Protein chains: 2
Amino acid sequence: MTEKQRLILDAALKLFARDGYNSTSTNKIAKEAGVSEGLIFRHFRNKEGLLDFIVQQGLEIMKGELDKTGLLKDPRAKLKASLLLPANIVEAKPDYWKVQVSLKYMNHEIAEKYHESEFMENALALLLDAFTELGYKNPALESQLMMMIISSLFLSLVHGDIDNHDELMEFLVKKYKL
Amino acid sequence: MTEKQRLILDAALKLFARDGYNSTSTNKIAKEAGVSEGLIFRHFRNKEGLLDFIVQQGLEIMKGELDKTGLLKDPRAKLKASLLLPANIVEAKPDYWKVQVSLKYMNHEIAEKYHESEFMENALALLLDAFTELGYKNPALESQLMMMIISSLFLSLVHGDIDNHDELMEFLVKKYKL
DNA sequence: AAATAGAGTGAGTAATCACTTTCAAAAGTA
DNA sequence: TACTTTTGAAAGTGATTACTCACTCTATTT
């Protein structure tokens with residue numbers, strides 16, 4: 001990874017997050033990064049290759065966080081960590097998740113590649129374990145509902161339109177007796 | 001509204017929903033509609049005008065549905081109707097909502113115009129009324145949570161990745177004792 | 001010192017984009 | 001009929017797009 005490669009990746013992530021993938025031309029990326037436009041294609045083959053590279057990194061971070069959560073023994077701790085996951089990962093790399101989310105809703109071939117991943121199934125399995133262990137009557141539906149809450153939380157955080165995150169967390173923790 | 005105008009609107013809605021706004025050229029719309037490309041600009045001024053026209057209709061439908069829900073007297077009925085709202089409106093016009101949703105996550109100027117609307121606030125106020133009337137301890141947070149569930153439901157339905165809607169509804173109705 | 005290779009440049013390319021212009025056929029109106 | 005307006009098609013327009021190509025520069029290897 002040369003310095004210019006880093007500059008290109010940083011510029012692309014910033015612009016993709018701010019303006020969207022389609023509205024960001026390779027010309028703009030090159031200008032923002034302070035490199036020649038041709039260099040983008042030497043290092044990343046094409047515009048989509050650049051996107052690929054960026055998003056692949058994000059997916060691995062997400063997977064790492066989820067694995068950490070899975071290691072927890074106490075089911076209540078697992079659920080609490082799952083609820084806090086969105087805030088933690090979005091805060092760490094907001095631009096990353098802005099791009100990820102916009103891809104999901106772009107309904108374009110590019111989007112599907114990343115979101116058919118086994119990630120959701122892993123997360124759901126983790127919740128299912130916890131609710132089962134806690135003796136909930138209908139753990140499958142409980143975890144489906146929890147999953148909906150978590151993804152909604154994630155979206156709100158990415159778009160920056162949530163102003164009472166801590167209060168909301170406290171409310172949920174109390175509701176689920178975590 | 002001439003016949004060709006209808007043809008253009010239908011073609012545009014279909015293509016915007018399938019491929020996204022940015023990836024749909026006016027040329028493609030004209031071909032799909034079987035009219036000349038120039039006609040699009042005669043009738044709708046520009047590509048964004050076409051989008052405007054399409055989305056404006058959807059917003060009015062949504063508002064109408066919400067108003068109907070607001071007329072209900074029983075707070076439990078209000079909540080139940082709110083939960084069923086996504087399925088009802090998405091089933092009626094799936095392509096409409098696919099476009100609406102993709103706009104929201106396009107992070108582009110076009111998107112903001114539609115989603116700063118007072119719609120969300122009205123919906124939230126309706127839920128707040130219901131939870132307050134039912135004597136919930138923290139009606140504000142309860143309605144915020146319900147809003148998250150509803151919008152998550154809406155998104156899943158739009159993307160067609162929900163295969164147990166009725167079961168989920170039954171579960172929620174029981175959980176909230178509606 | 002000669003050869004090789006990778007990093008980097010920037011002008012150039014064909015294709016596609018949203019949009020305009022021109023003009024003719026209908027359709028309405030007197 | 002004679003006119004005006006509306007509706008439509010077809011062939012443009014310049015700008016922008018992702019991407020290529022011929023080339024230079026620098027550093028390492030032979």
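Remember, predicted model here, so these are calculated numbers, not experimental data. The sequence lines fix the lettering, A, B, ..., with proteins before strands; numbering per chain opens at 1.
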> Rounded to whole angstroms, how far apart are CD on A/Gln5 and C1' on C/dG6?
Replying inline: 11 Å
> Given atom NE2 of A/His43 and atom P of C/dG6, what is their separation to the nearest angstrom?
Replying inline: 12 Å
> So which heavy atom on A/Asn22 is nearest to which on A/Lys47, and how close?
Replying inline: O-NZ, 4.0 Å
> Once you round it to whole Å, what is the distance between C1' of D/dT6 and CD of B/Glu3?
Replying inline: 16 Å
> Nearest-Å distance, CG (B/Asp52) to C1' (C/dA18)?
Replying inline: 16 Å
> Tell me: NZ of A/Lys31 to P of D/dT16, nearest whole Å?
Replying inline: 10 Å
> Considering only side-chain heavy atoms of A/Thr2, which listed nucleotide, D/dA18, C/dA7, D/dG8, is closest?
Replying inline: C/dA7
> If you look only at pairs with a residue in residues 53-89 of chain A, which of them pass as a ring pair (Phe, Tyr, Trp, His ring centres under 6.0 Å), with sequence neighbours excluded?
Replying inline: A/Phe44-A/Phe53
>> What is the distance, to the nearest angstrom, from the CD1 atom on A/Ile40 to the P atom on D/dT17?
In response: 12 Å
> Do other residues, nucleotides or ligands put more than 12 heavy atoms under 6.0 Å from B/Lys28 NZ?
Replying inline: yes
Sub-3.5 Å pairs of nitrogen or oxygen atoms, protein against nucleotides 9-13 of chain D:
{"from": "D/dA9", "atom 1": "OP1", "to": "B/Lys4", "atom 2": "NZ", "distance (Å)": "3.4"}
{"from": "D/dA9", "atom 1": "OP2", "to": "B/Ser36", "atom 2": "N", "distance (Å)": "2.9"}
{"from": "D/dA9", "atom 1": "OP2", "to": "B/Ser36", "atom 2": "OG", "distance (Å)": "3.1"}
{"from": "D/dA9", "atom 1": "N7", "to": "B/Ser36", "atom 2": "OG", "distance (Å)": "3.3"}

>> Would you call the rings of B/Tyr136 and B/Phe131 parallel, tilted or perpendicular, taking 30° and 60° as the class edges?
In response: perpendicular
> In terms of side-chain heavy atoms of A/Phe41, which of D/dT20, D/dG8, C/dC19 is nearest?
Replying inline: D/dT20
>> Rounded to whole Å, please give me the gap between CE in B/Met1 and P in D/dT7.
In response: 12 Å
>> Salt bridge or not between B/Glu60 and B/Lys63? Use side-chain N to carboxylate O under 4.0 Å.
In response: no
>> Is it true that A/Tyr96 and A/Gln57 share a donor-acceptor pair across their side chains at a distance under 3.5 Å?
In response: yes
> Once you round it to whole Å, what is the distance between C1' of C/dT16 and CG of A/Asn27?
Replying inline: 16 Å
> Going by an N to O cut-off under 4.0 Å, is there a salt bridge joining B/Arg6 and B/Glu3?
Replying inline: no
> What nucleic acid atoms does B/Ser25 come within less than 4.0 Å of, heavy atoms only: base, sugar-phosphate, or nothing?
Replying inline: sugar-phosphate
